[in-house]
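Everything below concerns the one structure shown next.
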Amino acid sequence: YLQLTLAILKPHVIKSPFVLQKIRDLIIDNNFKIVRSRRMTISREEAELFYKEHRDKFFYNRLLTFMCSGPSDIYILARHDAIAKWRQLMGPTKVYQAQYNAQDTIRGMFGLSDTRNATHGSDSTESAKREIMIFFKNFNINKWYNSE
Ligand code: CMP
């Protein structure tokens, strides 16, 4: 069945048309369908909700400042095993690991720092559901899974 995940192309990606096109090509070439898409500047309130599990981390403030600094592309992606496959395509969160061990991943190629790491992807079915509901309030995720 086609699993859903929430992907974010972060502000530094949107500022670079070449990088944006490369990542969009990778999405399509890896058999993801873009089910919904929005380009928007994430508000402070949305970012706080989205990243609530990180609120005690040392990088929380810089993460929120960056994520709200300009437009992001937010996609609902569908694929067989979408959550794991998107995370595999993104590569490791930390830029030194991505650049050292995973040069052919999105973060290996386009990550600039641990904060500006190019893309986000949900880490579980529960977080995919939660994250989709933050940015696509009218998307009926239960209907998606029940109608297949
Ligand atoms: P993301 O997948 O969006 O989920 C949490 C984000 O926190 C992560 O990508 C990074 O952008 C950011 N992050 C995680 N670890 C660090 C870190 N060590 N330093 C700075 N930012 C981080």
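Residues take their numbers from the sequence shown, with the count starting at 1. Counting starts at 1 for both ligands and their atoms, following the listed order.
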> So do the side chains of Phe110 and Thr119 get within less than 4.5 Å of each other, counting heavy atoms only?
Replying inline: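 Contact flag for Phe110/Thr119 side chains = no.
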> With a 4.5 Å limit on heavy-atom distance, are the side chains of Lys94 and Tyr100 in contact?
Replying inline: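 With C-beta onward as the side chain, the pair stays apart.
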> Could you walk me through whether Met67 and His120 pass the side-chain contact (heavy atoms from CB on, under 4.5 Å) check?
Replying inline: CA-CA 11 Å; Met67 291 303 288; His120 167 85; 5.7 Å; no
> Should the ring pair Tyr1 and Tyr145 be called parallel, tilted or perpendicular, given that the plane angle runs from 0 to 90° and is split at 30 and 60?
Replying inline: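 Plane angle over 60°, so perpendicular.
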> So Phe135 and Phe50, would you call those rings parallel, tilted or perpendicular, with 30° and 60° as cut-offs?
Replying inline: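 The arrangement is tilted - the two ring planes meet at 30° to 60°.
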>> Test: salt bridge (charged side-chain N to carboxylate O under 4.0 Å, His left out). Region: residues 55-66. Which pairs qualify, not counting sequence neighbours?
In response: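 For residues 55-66: none.
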> Which protein residues have a heavy atom under 4.0 Å from ligand 1?
Replying inline: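 Residues Lys10, Tyr51, His54, Phe58, Phe59, Arg62, Leu63, Thr93, Lys94, Arg107, Asp114, Thr115, Asn117, His120 each place a heavy atom under 4.0 Å from ligand 1, listed by chain and number.
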